[in-house]
Number of protein chains: 2
Amino acid sequence: MSQMQNVERQLREMILGLEIGPGERLTERWIESRFGASRTPVRAALLRLETEGLVGRDGRGWTVSPINLAELEQIAVYREAVEVAALRLTCRLDDRSGIDVIEAMLASCDDTTPREEWHRVGMDFHIELARLSGNEFLFRAVRDAMTRLSRARWLEVRDETALHRAWAEHHAILAAVRVGDADEASRLLSAHIGGSRERLVTSLHDDRRGLRARGFAVVAA
Amino acid sequence: MSQMQNVERQLREMILGLEIGPGERLTERWIESRFGASRTPVRAALLRLETEGLVGRDGRGWTVSPINLAELEQIAVYREAVEVAALRLTCRLDDRSGIDVIEAMLASCDDTTPREEWHRVGMDFHIELARLSGNEFLFRAVRDAMTRLSRARWLEVRDETALHRAWAEHHAILAAVRVGDADEASRLLSAHIGGSRERLVTSLHDDRRGLRARGFAVVAA
DNA sequence: GATGCCAGCTTGGTATCCCAACTTGGTATC
DNA sequence: GATACCAAGTTGGGATACCAAGCTGGCATC
């Protein structure tokens, strides 16, 4: 593994894992010493992460992108458009056996599974579902949207009931895809994403004070 | 203007303008000497252009992305999803006066306008229409898709009639948006994009031999 | 004590150097 | 003539040196 990919991967993990807080300043020299790399791979990593929206330029200098409420709502609209489009493509495929793999993925979570794993699988559900469509651009759009959302997603599900409801919705979507009912699958997916957005925005709004107290920059809608 | 942005912009223009042929190899050192910059900004530019899909890695080394017929078809599906989503958002806005600006943009082309300008305005129509939605992600998705299509678009319109028909469709879409008829606007836009895809693919298929003769790499569907 | 100013430090941007991996061309060997 | 092999060159990845701009802290001035 090259240094470049290494720095990129580790830095992304730190940002997504909130080990570096949203809004925090980053200096190339700090990253350099933190990961034991020189500035060349550091800059490459920053340029990449910038296109993912995880870091941004702050005049001179770099900043971990703040959590932006308005942006999260826009992403929800965006992902609904691309996820539904991908889903409709998938429903028209002759071979939809790929949903079995996704079904198995969902089933891999049980009561003993740590919360963090549920989150990851919940995201992967949407990503893999989009991948089934075979359209590389729709897939990437969903993957990138989920990446951007992932820092905020840990806020979303606190209670078990909401989590299990989401899982039931995932299964229902797969069932509709299995029988090729594009309209029903789309309706379910739209509702699922809408509900997710709703919970996310509400939860984030409620927790803004707490986030700010932890030093995280949160931009209001 | 910093060197970094300079190299990026000039290199992008050369690639989009087919001054560097699809499939051509690029070396960092050649770009360096060509634009009188050092390798640092060159590499920053390449990393950027890679995320735009204009250049790619070829094992070790860089290559101008070939024109990929399958990719173009996938982009057409992708852009239809995001453009229609953006259009529907726009139709729900209270203030849709932005379409006047777009209308004026269309009107700026007449029989004396060079062919290249028609192309640019035709692309900008879709980009600006998406911008009206106010959704940054849908807007960027459309802009990036149009960028990727732009190298192939010059193939599309040879005859005047097809060009004028496209313009008529543009006007019809705007008219539907103006009165807030989302369903009609979406239908027209979908048909417009579908027709565009059809002509593009046909034209590209017919010209593949010619493109290859010019040394351009073209990947079949 | 408030304020203006300057030296020094920090920062990202750029240039340049080094290196390992790979390519290439020629050559010695059979 | 075919082939194995080696030397020289090329390439991208990485490290480092240097620079201009901007920030900071402290000192002189009022």
Side-chain angles (χ1 to χ4, degrees), chain A residues 1-16 18-66 68 148 215-217 219, chain B residues 1-16 19-66 68 215-217 219:
Chain A
M1 171 87 64
S2 69
Q3 281 281 44
M4 194 182 83
Q5 295 167 337
N6 217 26
V7 173
E8 181 187 340
R9 192 173 44 79
Q10 293 191 61
L11 192 55
R12 184 189 293 110
E13 275 174 19
M14 286 188 74
I15 293 173
L16 293 182
L18 295 173
E19 296 173 55
I20 314 178
E24 211 163 306
R25 300 269 306 232
L26 285 174
T27 70
E28 297 183 352
R29 259 105 179 173
W30 178 83
I31 302 168
E32 188 181 353
S33 67
R34 176 68 176 72
F35 298 108
S38 76
R39 293 181 64 200
T40 308
V42 167
R43 302 196 85 225
L46 284 170
L47 285 171
R48 282 245 150 80
L49 295 176
E50 185 187 19
T51 69
E52 294 180 34
L54 297 183
V55 304
R57 291 175 189 280
D58 177 37
R60 225 171 113 93
W62 299 91
T63 307
V64 177
S65 300
N68 185 327
R148 283 191 181 232
F216 294 168
V219 177
Chain B
M1 171 88 64
S2 70
Q3 281 282 45
M4 198 181 80
Q5 295 167 336
N6 215 27
V7 172
E8 180 188 341
R9 191 173 44 78
Q10 293 191 62
L11 192 55
R12 184 189 293 109
E13 275 175 17
M14 286 188 75
I15 293 173
L16 293 181
E19 296 173 55
I20 314 179
E24 210 163 307
R25 299 285 283 249
L26 285 175
T27 70
E28 297 182 352
R29 260 108 178 172
W30 178 82
I31 302 169
E32 187 182 355
S33 68
R34 175 69 176 72
F35 298 110
S38 75
R39 290 180 66 200
T40 309
V42 166
R43 288 160 77 167
L46 284 170
L47 284 172
R48 282 243 146 83
L49 296 177
E50 185 187 20
T51 69
E52 293 181 32
L54 297 183
V55 304
R57 292 176 189 281
D58 177 37
R60 225 171 111 94
W62 300 91
T63 308
V64 177
S65 300
N68 185 326
F216 294 169
V219 177

Side chain proximity check, [X] to [Y], heavy atoms < 4.5 angstrom:
{"X": "R25(B)", "Y": "W30(B)", "value": "no"}
{"X": "F35(B)", "Y": "L11(B)", "value": "yes"}
{"X": "M14(A)", "Y": "R34(A)", "value": "yes"}
{"X": "E19(A)", "Y": "Q10(A)", "value": "no"}

Please report the distance, rounded to the nearest Å, between [atom1] in [X] and [atom2] in [N].
{"X": "D58(A)", "N": "dT10(C)", "atom1": "CG", "atom2": "C1'", "answer": "15 Å"}
{"X": "E32(A)", "N": "dG14(D)", "atom1": "CD", "atom2": "P", "answer": "13 Å"}
{"X": "L47(A)", "N": "dG13(D)", "atom1": "CG", "atom2": "P", "answer": "13 Å"}
{"X": "F35(A)", "N": "dG14(D)", "atom1": "CZ", "atom2": "C1'", "answer": "17 Å"}
{"X": "W62(A)", "N": "dG22(D)", "atom1": "CH2", "atom2": "P", "answer": "18 Å"}
{"X": "I31(B)", "N": "dT14(C)", "atom1": "CD1", "atom2": "C1'", "answer": "16 Å"}
{"X": "E8(B)", "N": "dG13(C)", "atom1": "CD", "atom2": "P", "answer": "13 Å"}
{"X": "R25(A)", "N": "dG22(D)", "atom1": "CZ", "atom2": "P", "answer": "14 Å"}

Enumerate all atom pairs, one protein N or O and one N or O from nucleotides 20-25 of chain C, separated by less than 3.5 Å.
from	atom 1	to	atom 2	distance (Å)
dA21(C)	N3	R60(B)	NH2	3.4

task: Measure the spacing between CG of L54(A) and CG of L46(A) and express it to the nearest 0.5 Å.
output: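 It comes to 11.0 Å.
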task: Hey, which sits more toward the 5' end of DNA chain D by its nearest nucleotide, R39(A) or L26(B)?
output: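 Final value for this comparison: L26(B).
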- request: Please figure out whether A37(A) or E28(B) has its closest DNA chain D nucleotide nearer the 5' end.
  value: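 Looking at the nearest nucleotide for each, E28(B) comes out on the 5' side.
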[X] side chain: which of [options] is closest?
{"X": "R43(A)", "options": "dG13(C), dG13(D), dG12(D)", "result": "dG13(C)"}
{"X": "R29(A)", "options": "dT16(D), dC18(C), dG13(C)", "result": "dG13(C)"}
{"X": "T40(A)", "options": "dG14(D), dG12(D), dA15(C)", "result": "dG14(D)"}
{"X": "S38(B)", "options": "dA15(C), dG14(D), dC18(D)", "result": "dA15(C)"}

task: May I ask you to say whether R12(B) pairs ionically with E8(B), meaning some side-chain N is under 4.0 Å from a carboxylate O?
output: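 Yes.
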field: Working for side chain to side chain contact (heavy atoms under 4.5 Å, CB included), residues I31(A) and E28(A)
entry: CA-CA 5 Å; I31(A) 302 168; E28(A) 297 183 352; 5.6 Å; no
message: Let's test this: given Watson-Crick or G-U wobble pairing with both distances under 3.5 Å, identify the partner of dG26(C).
response: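 Base-paired to dC5(D).
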